[in-house]
A.B. asks: 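My structure is below; once you've seen it, I'll send some questions.
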Amino acid sequence: MADGPALPTGATDLMREEWFLGVSIATSLAFLVFQDDLFSRLPDPLWFTVVFAWLFAVVLGSALSVVRQADHLAERLKEPYGTLILTLAITSIEVMAISAVMIHGENNPTLARDTLFAVVMIILNGMVGLSLLLGAWRRPEQQHNLQGANAYLGVIVPLATLSLVMPTFLSGPDGQHPSAPRQLILGILSVGLYATFLFLQAGRHQDYFTDGSNRREPPGEAALYHEPVWPHALLLFAYMGPVVFLVEQLARPIDYIIETLQAPTAFGGVVMAVLVATPEAISAVRASIANNLQRSVNIFLGSVLSTIGLTVPAMLVISRLYGHPVTLGLEHGDLVMLLLTLAVSIITFASGRTHLMQGAVHLVLFLAYVLLIFQQ
């Protein structure tokens, strides 16, 4: 008896490589059909742990798969387009995650602020410190394009100040919540500056974001750039699809911890920041270890810039549409930590060369941030 038609080798390899997409879809279907049953037992600590770990692992795995597809696109499109695709994809996941928690749970005015601050601390201290430390472990120094780092920081510093520092000193009629005119101005400034930066990055100053001393590609890898990019682009969106639904489900156990167990209000922001920052952290550390610091710089500075430049306007829009006020201004120790981090980052990338000591300093600042979370 003749066997049925076999799948093409390429299709078989694709199914084997992208098996996690099936896990994401199956998990989405499970929570779509059995949503009430799965969440009805959250007061049981063991069941809560299982549901939270399940959702967190699948969302994180999907985000890592998005990064993997973005890396494939980066290999074919080269810098700065590859990193731009990566940062925009992860920022989209972040916006969806924060939106889901804001809309689903009880009003948490500081969620957007806590998430933004956590992302900045995790990336500019944790991710930068680990990348510089591991990258410099076997070599005295690493180099990056100074003009590109200056371009990033030249936009990050004013946007971070306007979004997270200035609102602290401009209380409106509703306290810390920014008034409608100030929300409009802040949104326009954020989008305008980020759009101007994209014009610079993808247009006349692309060379700012490439390393002229990059290692030559092995001859066998040159053919990669002639392979089609559409399969990886489709898979990138396919992985992002379940994230939209699963992040909304993850919001329910997060809300349960904050509202029922009286967890710190910053907990939701930290969880969202970890989901957002971990995939990019892995890519940045790998690039630094491979002595491609320029790609690391593009990843972590580009991630911070897109987070502030796009997430803040998106949160302000959602705040107006759903009537959930937002508080953006940092206070007390958090405000000091942000200003210190921005100042140290300027010093770190001021010379175009980095070394092990700079990585250690950023990791110490990250440890200080973690300790402050438990002190508040």
Side-chain angles (χ1 to χ4, degrees), residues 59 63 87-124 155-156 158-172 174-195 197-198 240 243-244 247-248 250-252 254-255 258 264-277 280 302-331 334-335 338:
V59 172
T87 55
L88 290 178
I90 296 300
T91 302
S92 300
I93 294 176
E94 178 185 4
V95 171
M96 291 184 293
I98 301 176
S99 303
V101 178
M102 283 181 63
I103 296 171
H104 170 77
E106 292 185 8
N107 183 33
N108 183 2
T110 63
L111 175 67
R113 180 198 68 185
D114 293 338
T115 303
L116 285 174
F117 180 57
V119 169
V120 172
M121 291 296 103
I122 291 173
I123 295 177
L124 285 186
V155 184
I156 289 173
L159 281 183
T161 303
L162 290 173
S163 301
L164 298 174
V165 178
M166 189 65 72
T168 303
F169 304 96
L170 295 176
S171 298
D174 298 325
Q176 288 285 326
H177 308 318
S179 60
R182 278 197 278 133
Q183 289 186 18
L184 179 62
I185 294 173
L186 179 57
I188 292 175
L189 290 176
S190 299
V191 173
L193 276 177
Y194 188 70
F197 178 85
L198 289 185
M240 288 184 66
V243 172
V244 179
V247 160
E248 184 177 354
L250 181 62
R252 298 185 64 171
I254 291 176
D255 287 336
I258 296 175
T265 55
F267 177 79
V270 172
V271 172
M272 295 302 161
V274 170
L275 283 173
V276 172
E280 291 182 306
S303 177
V304 172
L305 177 56
S306 63
T307 294
I308 301 175
L310 297 179
T311 304
V312 169
M315 293 304 99
L316 293 177
V317 170
I318 292 172
S319 171
R320 300 300 298 177
L321 291 177
Y322 291 90
H324 288 277
V326 293
T327 300
L328 293 178
L330 295 172
E331 298 176 337
D334 291 344
L335 182 59
L338 175 65

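Just so you know, these numbers use all the heavy atoms, side chains as well, and skip hydrogens, waters and symmetry mates.
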A.B. asks: Taking the side chain from S163 and the backbone from A160, do they hold a donor-acceptor pair closer than 3.5 Å?
C.D. replies: no
A.B. asks: Can you tell me how far apart CD1 (I188) and CG (L193) are? Round to the nearest 0.5 Å.
C.D. replies: 12.0 Å
A.B. asks: With sequence neighbours left out, write down each residue that passes side chain to side chain donor-acceptor pair (under 3.5 Å) with T307, or none if nothing qualifies.
C.D. replies: E94
A.B. asks: Roughly how far, to the nearest 0.5 Å, is the CG atom of L310 from the CG atom of L198?
C.D. replies: 7.5 Å
A.B. asks: So how far is it from L116 CG to M121 CE, rounded to the nearest 0.5 Å?
C.D. replies: 11.0 Å
A.B. asks: Quick one, S190 and I308 - any side-chain contact, counting heavy atoms below 4.5 Å?
C.D. replies: no
A.B. asks: To check you understand the geometry: which heavy-atom pair defines the closest contact between L316 and G187, and what is its length?
C.D. replies: CD1-N, 4.1 Å
A.B. asks: Any chance you could measure F117, atom CZ, to D334, atom CG, to the nearest 0.5 Å?
C.D. replies: 4.0 Å
A.B. asks: Side-chain contact, heavy-atom cut-off 4.5 Å: L164 with V312?
C.D. replies: no
A.B. asks: Check whether any side-chain heavy atom of L305 sits under 4.5 Å from a side-chain heavy atom of Y194, and report yes or no.
C.D. replies: yes
A.B. asks: With rounding to the nearest 0.5 Å, note down the distance linking OG in S306 to CG in L159.
C.D. replies: 11.0 Å
